[in-house]
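See structure below.
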Protein chains: 2
Amino acid sequence: MFSMDIIKLAEVLNLSKSTVSRAFRDSSDISAETKQRILAKARELNYHPNHYASNMREQKSMTIAVVVPELANNYFTQIIQGVEKVAKTSGYHILIYVTDDDIAREQEFIRGVSNGRVDGIVMSVSGESKDHSYLAHVDVDRLPIVLFDRIYDDIDLPKIVTDDYDSSFRSTEHLIQQGCSRIAYLVVNKEQSIGKVRMQGYMDALRKYRIPLRKRLIVDCTNSYDENAGIIENAIQKQRPDGILASVERLAFSTYYACGKLSVRIPDDLKIVAFSSLEIASLLSPALTTVTQPAIQIGERAAALLLKKLQGTPIDDTERLITMESELVIRASSLPA
Amino acid sequence: MFSMDIIKLAEVLNLSKSTVSRAFRDSSDISAETKQRILAKARELNYHPNHYASNMREQKSMTIAVVVPELANNYFTQIIQGVEKVAKTSGYHILIYVTDDDIAREQEFIRGVSNGRVDGIVMSVSGESKDHSYLAHVDVDRLPIVLFDRIYDDIDLPKIVTDDYDSSFRSTEHLIQQGCSRIAYLVVNKEQSIGKVRMQGYMDALRKYRIPLRKRLIVDCTNSYDENAGIIENAIQKQRPDGILASVERLAFSTYYACGKLSVRIPDDLKIVAFSSLEIASLLSPALTTVTQPAIQIGERAAALLLKKLQGTPIDDTERLITMESELVIRASSLPA
DNA sequence: TTGTAGGCGTTATCAA
DNA sequence: TTGATAACGCCTACAA
């Protein structure tokens, strides 16, 4: 029950604490010899400068927060991988916060880290986009924020997104070209940025091919697996779609299960394309056609942008909205039987 | 560029900083009225007590570190989900560290958080188990550690594991009962805790059924997808196994790809069982038989155990080694064609 | 090159 | 109930 601090270490070494302190920074004001001696002793006594004390002095924490709506989603865990990778190389630590799509919690987290606890934030916002003005009050010079994927359009922060509109348009077009005419769009929250943009791509593709938009084919799902099972089964039975565009991965899985249960054959009776970062999409039965977002790169990019800002480099305008390209990988689930 | 601190807030309110400070803790030495006034003003001016300053005073950070070998693995992301969930309810923050199975980095991380940066650690160790004595030097009264899944046997810390030996034994037995006699065991690191224990279960099951152990059927894989592709293809062609037990999920995926490439049919020519936390194992082609570990619960349990310790409750002996049960979920990949 | 001293923002102790 | 003051452990002018 004995804790080492800089003073004790200094005493042991018969030096002042300033000298010891210098040994742990880049300071040139110290003889190599003394420095070695200090470092050696520190290792021996297992001394490490207290991070919080340093932080308080230096007003920085070398920590960034990653805020995501959920963890049970390959996309977000890949984002974290990307952020972690970049953060690590610059010596930053990362704190993870999961909002469960609850804007109150999102707000609470942002507040909770607004005290020097983190130096910056990488965030994909929660689904609800009603009142998010709290973000506008954050002093981004003190606490920079980079948004990715699920963003708030009216908030002026650096953003990284994927070409969701195009991907959605192309996916729908692909289904049409495979002969689908009753294409359903599965969405969790169509008020939210990505849900909305992807829906627009879907609708515009239908219009281009003069396929009437049927409101019933836009299916509102939830975050609950159980509820979605019912919703999707119901939609399949009642609306008889011959194609499905799932705006998030999870909804495609639910569709697979529903089809299994209802004996609807994929792709014979129903073709599917899904936004998904599942790496083994090709091992599914049938292999799933995906819009694959470069999730890891997005995470890396977001982290790099944040670090750049943290290092004082100004973000130029071209970097305030970065659009990355997704890839439409066509597999069996959307091809002729 | 104006930062709110307790002194400024006190000035605005015409109070002393002590009084303001009291408003933010449970202190009863303050009138309800004053407290309200302070809290209201704080909200208005967006003041939050600086976390690091508090930490320094209180010698605790309300933060725990989660150290995992990798993030590209459903098991570990589910663990994080579990830890996050429990930590959140107790107001703890979580830092994520990824070792990439590099013990040097593991060591570096532990050192790096040994300064009050975190109050405790939940960790699954890296694969290499040569020299990990550094862990023995950690003062676990100051910095409690809970190990899970991949552990070091000779380190006396609370541990949470799954019944890997039994699972492995039963899986192998299951394959034997399906008529397999040349069962390969795919492993990444057979020196490491889980790799070793799972191998033992495999070997003992073979012995029970008097099936000779063929060294060639124990296939050493790596962490690289590309390398594994070659290794596994090679093993399938040269050793002609009729059953495979994959000790980690990723190796099962590689096997699926290899079989596709080599036109080996699953389960007709080769049956597979894998340790895997993939939630959509039943959607694979064919559906994958899995040993499913209760990953989320393990994470929850590990976090709960750590929090218990942090709250000063002593850990009793029965909790020093907790064994959770995995479930063998039999699906098409290991059943008769 | 090394030492001295002040302050980073809090909270706890003690006095008023 | 409130206020003054001394830590918490560290870093950086500035002095020696």
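Just so it is clear, the values below take in all heavy atoms, side chains as well, and ignore hydrogens, waters and symmetry mates. So you know, we letter chains A, B, ... as the sequences are listed, proteins then strands, and number each from 1.
The A/Arg25 side chain lies nearest to D/dC11 when the options are D/dC10, D/dC11, C/dT2. For B/Gln59, whose side chain is taken as the heavy atoms from C-beta onward, the closest listed nucleotide among D/dC10, D/dC8, D/dT12 is D/dC8. Here D/dC10 is the nucleotide among C/dA12, D/dG3, D/dC10 with the atom lying nearest to any side-chain atom of A/Lys17. Distances from the side chain of A/Ser16 to the nucleotides D/dT2, C/dG3, C/dA5 place C/dG3 closest. Comparing C/dA5, D/dC8, D/dT2 against the side chain of B/Thr34 picks out D/dT2 as the nearest. Side-chain proximity of B/Ala53 to C/dG9, D/dG3, D/dC11: nearest is C/dG9.
Note: CD1 (B/Ile6) to C1' (C/dG9) measures 8 Å, nearest angstrom. Protein atom CG of A/Asp5 is 14 Å distant from nucleotide atom P of D/dA7, rounded to whole Å. For the pair B/Asn55 CG and D/dA7 C1', the interatomic distance rounds to 16 Å; values are reported in whole Å.
Residues that satisfy the ring-ring contact (aromatic ring centres under 6.0 Å, His included) test with B/His51, not counting sequence neighbours, are B/His93. B/Lys85 meets the side chain to side chain donor-acceptor pair (under 3.5 Å) test with B/Glu300; sequence neighbours excluded. With sequence neighbours excluded, the residues that form a side chain to side chain donor-acceptor pair (under 3.5 Å) with B/Asp154 are B/His132. Residues forming a side chain to side chain donor-acceptor pair (under 3.5 Å) with A/Lys308 (at least two apart in sequence, or on another chain): A/Glu319.
Within the structure, every side-chain polar atom (N or O) of A/Tyr52 is placed at least 4.0 Å from both OP1 and OP2 of D/dC11.
Using bins of under 30°, 30° to 60° and over 60° for the plane-to-plane angle, the ring pair A/Tyr75/A/Phe148 lands in the tilted bin.
Across residues 108-118 of chain B, not one residue has a non-hydrogen atom less than 4.0 Å from an atom of DNA chain D.
B/His51 comes within 4.0 angstrom of no nucleic acid atom, judged by non-hydrogen atoms across all strands. When heavy atoms are screened at a 4.0 angstrom cut-off, B/Phe24 is found touching no nucleic acid atom at all. Within 4.0 Å of B/Ser54, counting heavy atoms only, lie sugar-phosphate atoms of the nucleic acid but no base atom.
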Got a list of side-chain donor-acceptor pairs under 3.5 Å for residues 108-115 of chain A, not counting sequence neighbours?
| from | atom 1 | to | atom 2 | distance (Å) |
| --- | --- | --- | --- | --- |
| A/Ser114 | OG | A/Ile110 | O | 2.5 |
| A/Asn115 | ND2 | A/Gly112 | O | 3.2 |

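Between the side chain of B/Arg57 and the base of C/dA12, no donor-acceptor pair of N or O atoms lies under 3.5 Å. Applying the 3.5 Å distance criterion, the base of D/dG3 shares a donor-acceptor pair with the side chain of B/Arg22.
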